[in-house]
Trainee: 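Before I ask anything, here is the structure I am working with.
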Amino acid sequence: MFQTDIHLKYQIRCLLPPPLDEAKLLVTMVDALSSEWTNRNQPVGRGRLYAAPVMPLWLVEGLAASIQGRVDFLLAITRQSVAAGRPQQAADVLGVKVLPVDTADRQLFQANAWLLTESLLALPDGSRKLRSFLSELGAEKVASNAFWTVYRQDFPENAALEKWWNLEQVRRTSVTVAENLSAVETARQLNAILVAKLGPTKGRKGMTDETETTLDKLWQYTEEPWLADVLKLKIGQLGTLRSQANPFYQPVLDEYIEAVNWLFQGNTVRFRRAVKRAAVRQAAVERQSHAVAAYMDQAERAYAPEELSQVFNGYFQTFDQAQKLEGQRRSPISDYLDKFDH
């Protein structure tokens, strides 16, 4: 990075002969782009050398690994570390300044950096927080200070960070069978989330007398002190449902999450637009899911017509009647003679 007058210039010089090491090139580009975002809004004065912060290694390696997409390889490494009972702590991952020389140590750090980055992005409003972290890094110049400035609300103390990190390691490395909710169940849970309960909360002032309202009407309560808590709850509920929803409904949930985030930031205009888009997409998905269900019912009737089912029912009824007749013909004499049949 070079300073020219009041501007900063980013340049990558590649001195390696072809072919290029694509992994190293990707990490270098991620580093440069992250640095550009970090320094974008920082003042640069004439005649004064600008002090640029160093990009944290965990973030650069984590984002590069996410882009590269070697999920199975990285999960296998973290799974071995967790199974061995010696997983890296979050503080250890955040504190690495130089990439380890040993291949095994380097791969373990890269896998944990990827897992940490993905886990931070999965937090409520995770993308915005990660951008805020880069902006704070430009202002504070120290990665650890910037991290706690942004994430202190999520992790009030170091112990809370380590507990969350341990749970993320166990949850993400556990082998589970992927299973989505049905479209009907997803729609049922989504409709329940779209109803906001505003009933009185102990110890809070300014609560409305209304006990329930719909999500699209929450913009009317922007002046109320309890709205932030309601929005946080809705973001968490929508995110949880998004992780297990029917694939048809995942774009719908993304729209609702975006809408609630706009209202959480105080932008009622964008919230109302986004929530309308989400409602339109939800209606379209419901029509599509109903059409799919109707088609499957039709196909089932074609392959298992009622006439065939009636034939099978007749067979079963005849079998039941034969058993009843056989039971009626039994007598003490027939039971005695059965001993001599073998």
Side-chain angles (χ1 to χ4, degrees), residues 1 3 8 10 24 26-45 48-68 74 77-78 81-82 86-102 104-173 232 265:
M1 187 179 70
Q3 180 177 348
L8 299 176
Y10 300 87
K24 289 183 178 180
L26 176 60
V27 171
T28 305
M29 293 186 67
V30 170
D31 190 302
L33 292 172
S34 300
S35 180
E36 191 279 330
W37 181 279
T38 297
N39 301 301
R40 178 180 296 179
N41 297 322
Q42 300 306 312
V44 180
R48 183 162 56 91
L49 185 62
Y50 177 74
V54 178
M55 290 296 102
L57 194 60
W58 64 267
L59 179 62
V60 174
E61 292 288 341
L63 288 176
S66 295
I67 296 172
Q68 198 171 11
L74 297 170
I77 295 176
T78 53
S81 175
V82 172
R86 296 188 300 273
Q88 281 188 315
Q89 294 186 347
D92 296 334
V93 180
L94 294 172
V96 174
K97 306 296 183 184
V98 180
L99 202 62
V101 177
D102 182 74
D105 292 339
R106 181 171 65 254
Q107 291 179 346
L108 178 60
F109 167 72
Q110 290 171 335
N112 282 321
W114 163 77
L115 191 66
L116 178 61
T117 304
E118 289 289 319
S119 300
L120 291 174
L121 285 170
L123 289 173
D125 211 9
S127 298
R128 183 193 61 81
K129 289 178 181 177
L130 200 60
R131 294 194 298 269
S132 298
F133 166 70
L134 288 173
S135 299
E136 286 292 334
L137 179 58
E140 300 192 26
K141 310 303 181 185
V142 180
S144 59
N145 295 344
F147 180 88
W148 288 112
T149 299
V150 174
Y151 292 102
R152 180 64 72 181
Q153 185 175 0
D154 296 283
F155 314 116
E157 53 189 12
N158 294 348
L161 172 63
E162 296 298 341
K163 179 180 179 180
W164 167 82
W165 171 239
N166 288 334
L167 292 175
E168 286 295 313
Q169 285 180 305
V170 173
R171 183 179 68 85
R172 291 176 177 269
T173 57
K232 288 179 182 178
Q265 297 174 28

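Atom set for the values below is all heavy atoms of this structure, side chains included, hydrogens, waters and symmetry mates excluded. All residue numbers in this chain count up from 1 along the given sequence.
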Trainee: Where do Leu74 and Ala65 come nearest, in terms of heavy atoms and distance?
Mentor: CD1-CB, 3.8 Å

Trainee: If the condition is salt bridge (Lys or Arg N to Asp or Glu O under 4.0 Å), which residues does Glu36 pass it with, not counting sequence neighbours?
Mentor: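 Per chain and number, Glu36 pairs via salt bridge (Lys or Arg N to Asp or Glu O under 4.0 Å) with Arg40.
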
Trainee: For Leu137 and Val54, which heavy atoms make the closest approach, and how far apart are they?
Mentor: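 In this case the closest contact between Leu137 and Val54 is CD2-O, 4.1 Å.
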
Trainee: Output the distance between atom CZ (Phe155) and atom NZ (Lys163), rounded to the nearest 0.5 Å.
Mentor: 12.5 Å

Trainee: Check the pair Leu120 / Thr117 against side-chain contact (heavy atoms from CB on, under 4.5 Å), numbers first and verdict last.
Mentor: CA-CA 5 Å; Leu120 291 174; Thr117 304; 5.9 Å; no

Trainee: So how far is it from Met29 CE to Tyr10 OH, rounded to the nearest 0.5 Å?
Mentor: 14.5 Å

Trainee: How would you list, by chain and number, every residue that makes a salt bridge (Lys or Arg N to Asp or Glu O under 4.0 Å) with Arg131, sequence neighbours excluded?
Mentor: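 For Arg131 there are no salt bridge (Lys or Arg N to Asp or Glu O under 4.0 Å) partners, ignoring immediate neighbours.
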
Trainee: Any salt bridge (Lys or Arg N to Asp or Glu O under 4.0 Å) pairs touching residues 138-156, not counting sequence neighbours?
Mentor: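 Found Lys129-Asp154.
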
Trainee: Who pairs with Phe133 by ring-ring contact (aromatic ring centres under 6.0 Å, His included), at least two apart in sequence or on another chain?
Mentor: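 Listed in chain order: Trp58.
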
Trainee: Which atom names give the shortest non-hydrogen contact between Glu61 and Ala113, and what distance separates them?
Mentor: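 Nearest pair, atom of Glu61 first, then Ala113: CB-CB, 4.3 Å.
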
Trainee: Scan the side chains in residues 89-98 for donor-acceptor partners under 3.5 Å anywhere in the protein, sequence neighbours excluded, and list what turns up.
Mentor:
none

Trainee: Identify, with sequence neighbours excluded, every residue that meets salt bridge (Lys or Arg N to Asp or Glu O under 4.0 Å) alongside Asp125.
Mentor: Arg128

Trainee: With sequence neighbours excluded, what pairs up with Ser66 under the side chain to side chain donor-acceptor pair (under 3.5 Å) test?
Mentor: Glu118

Trainee: Nearest 0.5 Å, please: how far is CZ in Arg106 from CZ in Phe109?
Mentor: 11.5 Å

Trainee: For a 4.5 angstrom cut-off between non-hydrogen side-chain atoms, does Leu99 reach Gln110?
Mentor: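 Sidechains of Gln110 and Leu99: in contact.
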
Trainee: Not counting sequence neighbours, which residues clear side-chain contact (heavy atoms from CB on, under 4.5 Å) with Glu157? List them please.
Mentor: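 Expected list: Ala159, Ala160.
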
Trainee: Measure across Thr38 and Pro53 and return the closest heavy-atom pair with its distance rounded to 0.1 Å.
Mentor: CG2-CG, 3.8 Å

Trainee: Work out which heavy atom in Ser135 is nearest to a heavy atom in Trp37; give both atom names and the distance.
Mentor: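 The pair with the smallest heavy-atom distance is OG-NE1, 3.5 Å.
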
Trainee: Kindly write out the residues that satisfy side-chain contact (heavy atoms from CB on, under 4.5 Å) with Asn166, not counting sequence neighbours, or none if the list is empty.
Mentor: Gln169

Trainee: State whether the side chain of Asn112 and the backbone N or O of Leu108 hold a donor-acceptor pair below 3.5 Å, judged by distance alone.
Mentor: yes

Trainee: Go through the steps for Leu59 and Phe147 under the test side-chain contact (heavy atoms from CB on, under 4.5 Å), then give the verdict.
Mentor: CA-CA 11 Å; Leu59 179 62; Phe147 180 88; over 6 Å; no

Trainee: Mind checking what makes salt bridge (Lys or Arg N to Asp or Glu O under 4.0 Å) contact with Arg172, not counting sequence neighbours?
Mentor: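 Partners of Arg172 by the salt bridge (Lys or Arg N to Asp or Glu O under 4.0 Å) criterion, ordered by chain and then number, come out as Glu168.
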
Trainee: Sequence neighbours excluded, which residues qualify as side-chain contact (heavy atoms from CB on, under 4.5 Å) partners of Lys24?
Mentor: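 In terms of side-chain contact (heavy atoms from CB on, under 4.5 Å), with neighbours along the sequence ignored, Lys24 is linked to Asp21.
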
Trainee: Mind checking ring-ring contact (aromatic ring centres under 6.0 Å, His included) for Trp148 and listing every partner two or more places apart, or none if nothing turns up?
Mentor: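 In terms of ring-ring contact (aromatic ring centres under 6.0 Å, His included), with neighbours along the sequence ignored, Trp148 is linked to no residue.
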
Trainee: How close do Leu115 and Ser119 get, heavy atom to heavy atom, and via which atoms?
Mentor: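 Here Leu115 and Ser119 meet closest at O-OG, 2.7 Å.
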
Trainee: Find the distance between OG1 (Thr78) and CG (Leu116) and round it off to the nearest 0.5 Å.
Mentor: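 Spacing of OG1 (Thr78) from CG (Leu116) equals 12.0 Å.
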
